[in-house]
2 protein chains.
Amino acid sequence: MLGNPPRDRKAERRAGTRAEILAAAWALAHEQGLSGISLRDLGARVGMRAQSLYSYFDSKFAIYDAMFAEGNALLLERTSSLPSPRDPDAGLRAGARVFFTFCVEDPARYQLLFQRTIPGFEPSAESYAIAGKVLEAATARLHAAGITTDRGRDLWTALLNGFADQQIANDPGGDRWGRLLDDAIDMFLAHLRGPGGQY
Amino acid sequence: MLGNPPRDRKAERRAGTRAEILAAAWALAHEQGLSGISLRDLGARVGMRAQSLYSYFDSKFAIYDAMFAEGNALLLERTSSLPSPRDPDAGLRAGARVFFTFCVEDPARYQLLFQRTIPGFEPSAESYAIAGKVLEAATARLHAAGITTDRGRDLWTALLNGFADQQIANDPGGDRWGRLLDDAIDMFLAHLRGPGGQY
DNA sequence: GTCTATATCCAGATAGAC
DNA sequence: GTCTATCTGGATATAGAC
């Protein structure tokens with residue numbers, strides 16, 4: 001087949017190594033905490049000296065930034081691959097459950113994406129854009145369920161965030177808040193559709 | 001007046017210096033972030049070399065621990081000095097507002113007390129006991145309002161925590177979630193007292 | 001692309017003189 | 001109780017040989 005795009009083996013190998021470095025960085029974050037990642041250790045994981053990592057990433061923050069983008073891309077993929085059910089409430093519930101599970105299954109990732117406690121680190125505009133799409137998707141599910149105000153969205157995010165936070169902080173590995181989530185969504189929906197609503 | 005307890009001037013001065021060090025540590029936390037505190041800088045703030053701080057605290061973590069205790073003690077003081085109103089719902093609301101304000105007014109403190117992202121740091125049992133009393137007081141206010149189940153308490157803490165978290169992360173210095181708090185409490189109370197309740 | 005070597009700087013903590 | 005001096009170890013990052 002003439003006309004096949006030529007494969008750039010060099011670029012492929014480079015991308016592969018970058019992915020390998022990121023995977024090792026996640027593993028380190030799980031074991032030592034997010035701020036416990038050192039370039040020494042990270043290099044050792046992939047069989048390099050710390051200095052050689054600079055061939056793949058410009059700085060340590062660039063690695064955090066790639067992790068931030070990767071995490072958000074995964075969340076976006078999970079939420080957008082959800083089926084669109086007839087019942088918009090069911091869609092809302094499914095999205096909430098996906099988000100909650102995503103947060104709880106990896107506290108280090110949760111810290112990087114949502115708590116942002118690394119001094120000096122700010123995600124790049126490109127990475128941040130992915131996070132924006134995640135929020136867009138959530139807003140769309142809220143709209144489908146008839147919740148269109150800023151107040152409604154802010155209440156929703158506070159609720160979900162609070163659940164994830166408490167589960168991670170006070171019952172890691174457990175289900176103490178997870179099993180209350182559906183009930184909390186009932187509460188939320190009833191309130192927003194109830195009388196005297198300001199929504 | 002015979003029988004006055006003798007003042008221990010040495011101990012007083014020591015306690016004063018400890019307090020001064022803690023105040024400087026808070027100031028540094030505000031400026032550089034919680035994990036940005038270094039003993040060098042901290043010593044410089046109080047006119048000492050870093051090494052001299054070891055006369056007052058056993059380690060850097062001991063300083064964090066004292067800050068943790070101090071923060072919780074302040075929160076406990078604020079919540080227990082609230083008047084006990086006739087209306088238990090009003091008490092609940094007042095407690096929530098105090099908590100929310102406390103969190104939002106000092107993000108570094110919020111991080112130390114509630115997010116616990118400093119690698120390796122665990123509060124001592126004594127410090128942790130103060131935090132326990134804060135939770136006890138909140139539980140008592142919930143009981144007074146007729147909410148006695150674990151589920152109710154867990155839903156309450158998730159809600160409050162989520163509000164504080166969102167306010168700090170997404171609208172620092174603003175009031176975007178603060179002005180929704182009362183409405184959220186309405187939602188919470190209506191749900192817990194509503195029909196088909198599991199509480 | 002990876003290495004050695006190095007620069008630069010910082011951290012927390014200890015010993016011992018005064 | 002504070003100091004000087006020092007220990008030990010860590011960090012991120014750069015230069016240049018191969």
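So you know, we letter chains A, B, ... as the sequences are listed, proteins then strands, and number each from 1.
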If we ignore hydrogens and angles and just use 3.5 Å, is the side chain of Thr101(B) paired with the main-chain N or O of Val98(B) as donor and acceptor?
no
Spacing between Phe61(A) atom CZ and dA11(D) atom P, to the nearest angstrom:
15 Å
Could Lys60(B) and Asp65(B) be called an ion pair, given the rule that one side-chain N must be under 4.0 Å from one carboxylate O?
no
Aromatic rings Phe121(B) and Tyr64(B): how do their planes relate, parallel, tilted or perpendicular, breaks at 30° and 60°?
tilted
Using the 3.5 Å cut-off, write out each protein N or O paired with an N or O of nucleotides 4-8 of chain C and the distance between them.
unit_1	atom_1	unit_2	atom_2	d
dA5(C)	N6	Gln51(A)	NE2	2.5

Can you measure from CG (Asn170(A)) to OG1 (Thr157(B)) and round to the nearest 0.5 angstrom?
7.0 Å
Write down the distance between CG (Leu42(A)) and C1' (dT2(C)), rounded to a whole number of angstrom.
15 Å
Every protein N/O lying under 3.5 Å from an N/O of nucleotides 10-12 of chain C:
unit_1	atom_1	unit_2	atom_2	d
dA11(C)	OP1	Ser38(B)	OG	2.8
dA11(C)	OP2	Arg40(B)	NE	3.3
dA11(C)	N7	Arg40(B)	NH1	3.3
dG12(C)	OP1	Lys60(B)	NZ	2.6
dG12(C)	OP2	Leu39(B)	N	2.9

I'd like to check the salt bridge (Lys or Arg N to Asp or Glu O under 4.0 Å) partners of Asp150(B); sequence neighbours left out, ordered by chain and number.
Arg153(B)
Using whole Å, report how far CE of Met48(B) lies from P of dC3(D).
7 Å
Rounding to 0.5 Å, atoms CD1 (Ile37(A)) and CD1 (Ile63(A)) come to a distance of 8.0 Å
More than 12 heavy atoms of other residues, nucleotides or ligands under 6.0 Å from CZ of Arg116(A): is that the case?
yes
Within a 6.0 Å radius of atom CG on Asp58(A), are there more than 12 heavy atoms belonging to other residues, nucleotides or ligands?
no
